[in-house]
Novice: 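Sharing a structure below in structure tokens format, with a few things to ask.
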Amino acid sequence: MKYYCNPINVPYRYQFNMDLRSNGRMQIDREAADPSMILFHKKYYIFVSMNLSVWVSEDMVNWEVHRLPDNLPLYDYAPDVRVCGDYVYFSASKKGEVCNYYRTKDIINGPYEEIPGTFDFWDPNLFFDDDGKVYFYWGCSNITPVWGVELDPATMLPKAERIELLSGDGYERGYERMGVDNCEFPRSEEEVEMMFQAFMNRGGVPAEQVPAHYIPQIRGMFTRKPFIEGPWMDKYEGKYYLQYACPGAEYNVYADGVYVSDSPLGPFTLAKNNPYSYHAGGYMPGAGHGSTMWDKEENLWHTATMRISVNHQFERRVGIWPAGFDQDGELFCNQNYGDWPIAVEEGKNDPWREPQWYLLNYAKPTSCSSFKEGKGADQAVNEDATTWWRADSTESGQWLEVDLEKPMDVRTIQINFADDALPIASPGKIQGSATQPRYIEERDLCTRWKLEGSLDGKEYFIIEDKSRVTTDLPHDLIVREDGIQVRFVRLTVVEIPYDVTPCISGLRVFGIGTGQKPQAPVFKTARSEDRLDLKVTIEGTKDAVGYNILWGHEEDKLYHSYQIYRDVKDVQENRDAVIEKRIGALVKSQEYFVRIDAYNENGITKGKVVKL
């Protein structure tokens with residue numbers, strides 16, 4: 001068996017952003033997003049935004065990085081990649097300039113043949129139907145829809161006028177609302193105009209000097225209307241599944257919805273299971289703007305964008321989850337415990353396989369070599385990727401330790417490095433588009449560390465030594481499938497990029513506890529008057545670490561989930577406490593069933609299903 005843990009274990013390149021909204025302040029972060037994942041000649045390839053590279057794997061667990069040819073538009077967002085026969089087709093996004101297509105028979109070495117385009121687009125997606133026809137979908141805006149058009153297979157030119165396919169409506173589909181947990185409705189036109197004028201005045205550039213096609217985009221930043229973007233088309237048993245992302249990449253609720261039609265250009269009907277990709281809780285939330293792919297064994301997988309969004313709005317990562325179609329043709333994606341270790345079996349996978357290993361170190365005692373005030377070692381065990389331990393020195397050898405409080409059966413450890421307002425200059429010339437100027441780090445950097453374990457806190461043994469590697473893996477995963485007995489887990493940082501102070505947002509230890517599973521949760525549910533919110537009240541008990549809230553449109557189709565952890569203090573002080581949670585992702589016209597499961601380091605206890 002092989003295992004991975006989201007975010008997936010790949011090098012994420014540094015971005016030196018000169019975002020126009022930052023008033024001249026450089027923002028530095030790692031980023032990878034908008035993944036297109038394909039199977040081509042028995043290998044898996046993932047193309048992502050702003051990484052200059054393609055990730056390649058034979059097993060979807062171990063990924064190699066290969067630099068892409070420079071004639072591709074590598075500074076353009078949302079690369080779309082699809083397979084047609086012996087060719088792989090590539091395109092990417094740029095507003096205000098004609099976008100071209102490219103194709104190759106050799107992804108790594110090229111050459112990539114350029115096919116001239118005739119119009120600009122953002123968030124492209126090519127679809128090659130089984131009857132030989134070619135369709136193209138695009139859209140990324142909160143003021144314009146997702147469009148579609150048929151293309152001539154020989155020339156890649158449109159055969160007709162574009163067709164509007166779908167738009168957002170946060171008053172009908174709660175999951176399309178912006179904000180944390182889909183909490184924001186659109187602003188009034190008066191509010192938008194006031195904020196637009198204030199923004200233009202701060203920038204000191206008269207509106208008449210800004211290119212006309214940028215004005216609606218700038219105004220759109222203040223509307224709080226959902227971004228409807230990232231289309232991806234799949235066909236299954238004669239039906240066309242048009243997937244799309246919403247409401248915005250910087251939110252924990254970044255998700256993928258799906259519409260269904262008998263025709264590639266519609267009309268489309270909202271599927272009952274929406275959003276089908278939704279991972280709003282856990283350590284690192286987000287599951288929007290991605291792609292679906294059948295693997296070599298005919299298993300379906302969905303890859304999408306996860307968010308941090310602290311150092312920059314687009315500080316993002318990539319996740320992969322099991323997916324499938326049920327007996328009624330409903331597209332689903334299993335994101336239960338979606339950033340815990342996931343098993344990849346040979347042959348046919350069960351997409352609803354339960355976790356084998358559980359988080360062992362939530363809110364457990366920690367210690368460290370040093371820390372910056374407000375960023376202590378406890379920030380590395382709170383299951384929140386937006387906070388972190390930060391050492392108070394750049395000297396090599398800074399360490400972080402977690403005490404599991406007793407020897408435990410440890411199976412995997414995920415080491416998540418973070419960045420904290422890096423005090424460095426760009427190593428290269430700022431380039432890219434007018435709206436997203438940046439420099440992408442081209443050098444191969446190194447992240448080096450040593451991981452040790454101990455049973456008594458005095459004598460330590462090596463779990464993994466990466467003090468001399470030449471890799472740069474900020475979300476590395478160590479697997480010990482047969483298990484090791486450990487109480488203290490210590491990470492010593494040897495070297496990180498740019499020799500800055502090390503930061504760890506998650507030293508996450510998984511395994512199997514020896515105690516009892518938590519009791520089945522007692523809970524109440526309610527629905528808001530506008531029918532867009534699910535409200536739950538849980539009688540939280542001290543034997544649980546957290547709860548997984550599931551809901552769906554049928555009693556046996558609880559395809560959506562939101563994982564929450566109990567308050568750190570409640571866990572540490574071993575006390576019961578009531579939990580109230582609002583989930584704003586419902587569809588107004590849809591009826592729902594709800595179940596809440598309890599979990600701890602020993603396992604999961606399922607609750608009862610109730611009708612909402």
Side-chain angles (χ1 to χ4, degrees), residues 34-40 45 47 49 68-69 71-74 76-107 110-141 144-167 213 228-236 238-245 256 258-268 289-294:
D34 320 317
S36 285
M37 182 165 65
I38 61 171
L39 172 62
F40 185 62
Y45 297 84
F47 291 73
S49 293
L68 287 166
N71 72 310
L72 293 178
L74 302 179
D76 291 353
Y77 261 112
D80 173 64
V81 184
R82 298 304 286 256
V83 177
C84 182
D86 292 331
Y87 283 98
V88 168
Y89 284 75
F90 176 102
S91 60
S93 315
K94 182 168 285 187
K95 281 187 172 72
E97 295 183 29
V98 171
C99 299
N100 298 323
Y101 307 96
Y102 303 81
R103 69 175 187 176
T104 185
K105 293 183 177 181
D106 187 336
I107 290 176
Y112 282 76
E113 172 191 354
E114 184 174 315
I115 305 171
T118 57
F119 61 98
D120 67 332
F121 48 73
W122 201 277
D123 286 3
N125 179 239
L126 271 172
F127 173 66
F128 296 93
D129 208 345
D130 47 24
D131 60 3
K133 293 182 178 181
V134 180
Y135 298 90
F136 186 69
Y137 308 89
W138 74 101
C140 175
S141 176
T144 56
V146 167
W147 286 291
V149 71
E150 184 180 353
L151 301 182
D152 185 309
T155 64
M156 302 295 285
L157 300 177
K159 297 183 68 175
E161 292 297 317
R162 66 182 67 179
I163 299 173
E164 292 189 9
L165 300 180
L166 58 95
S167 299
H213 62 275
I228 303 300
E229 58 189 47
W232 181 273
M233 174 63 81
D234 281 301
K235 187 177 184 180
Y236 178 73
K239 298 285 187 180
Y240 295 87
Y241 293 77
L242 179 57
Q243 300 144 64
Y244 70 102
D256 283 336
V258 58
Y259 282 74
V260 185
S261 177
D262 294 322
S263 166
L265 292 177
F268 287 92
H289 195 152
S291 55
T292 50
M293 179 205 72
W294 296 100

Novice: Are the side chains of Arg103 and Phe90 in contact, using a 4.5 Å heavy-atom criterion?
Specialist: no
Novice: Show the nearest heavy-atom pair for residues Asp262 and Lys239, with the distance to one decimal.
Specialist: OD1-NZ, 2.6 Å
Novice: Hey, are the side chains of Ser49 and Pro79 touching, using non-hydrogen atoms and a 4.5 Å cut-off?
Specialist: yes
Novice: For Leu166 versus Tyr259, what's the shortest heavy-atom pair and its separation?
Specialist: CD2-CD1, 3.8 Å
Novice: Answer yes or no: is there a side-chain heavy-atom contact under 4.5 Å between Ser36 and Trp232?
Specialist: yes
Novice: What pair of heavy atoms forms the shortest contact from Ile115 to Met156, and how long is it?
Specialist: CG2-CG, 3.8 Å
Novice: Asn100 side chain to Gly117 main-chain N or O, any donor-acceptor pair under 3.5 Å?
Specialist: yes
Novice: Using modelled atom types only, decide if a donor and an acceptor are shared between the side chain of Asn125 and the backbone of Met233 within a distance under 3.5 Å.
Specialist: yes
Novice: Hey, is the main chain of His289 close enough, under 3.5 Å, to the side chain of Asp256 for a donor-acceptor pair?
Specialist: yes
Novice: Evaluate the ring planes of Phe119 and Trp138, with Trp represented by its six-membered ring, and classify them as parallel (under 30°), tilted (30 to 60°) or perpendicular (over 60°).
Specialist: tilted
Novice: Mind running side chain to side chain contact (heavy atoms under 4.5 Å, CB included) on Leu68 and Tyr112 for me, showing each step along the way?
Specialist: CA-CA 10 Å; Leu68 287 166; Tyr112 282 76; 3.8 Å; yes
Novice: Taking the side chain as everything from C-beta on, heavy atoms only, tell me whether Tyr101 gets closer than 4.5 Å to Pro124.
Specialist: no
Novice: With the side chain counted from C-beta on, respond yes when Leu126 and Val134 share a heavy-atom pair under 4.5 Å apart, and no when they do not.
Specialist: yes
Novice: Keeping the roles fixed (side chain from Ser93, backbone from Asp76), state whether a donor-acceptor pair exists under 3.5 Å.
Specialist: no
Novice: Mind listing the closest non-hydrogen atom pair of Lys235 and Asp130 along with its distance?
Specialist: NZ-OD1, 2.9 Å
Novice: How about Phe136 and Pro231: do any of their side-chain heavy atoms sit closer than 4.5 Å?
Specialist: no
Novice: Quick check on the 6.0 Å ring-centre criterion: do Tyr240 and Tyr135 meet it?
Specialist: no
Novice: Identify the two heavy atoms, one from Lys133 and one from Glu150, that lie closest to each other, and give their separation to 0.1 Å.
Specialist: CD-OE2, 3.6 Å
Novice: Identify the two heavy atoms, one from Val83 and one from Gly85, that lie closest to each other, and give their separation to 0.1 Å.
Specialist: CG1-O, 3.8 Å
Novice: In terms of side-chain heavy atoms, does Tyr244 have a donor or acceptor partner in Asp123 at a distance below 3.5 Å?
Specialist: no
Novice: Any side-chain to backbone donor/acceptor pair from Ser167 onto Pro145? Under 3.5 Å, distance only.
Specialist: no
Novice: Does Tyr241 use its side chain to pair, donor to acceptor, with the backbone of Ser261 at less than 3.5 Å?
Specialist: no
Novice: Does any N or O in the side chain of Thr104 come within less than 3.5 Å of the main-chain N or O of Val88, such that one atom is a donor and the other an acceptor?
Specialist: no
Novice: Do Trp147 and Glu164 touch side chain to side chain, with heavy atoms closer than 4.5 Å?
Specialist: yes
Novice: Is there side-chain contact between Glu229 and Trp122, with heavy atoms separated by less than 4.5 Å?
Specialist: no
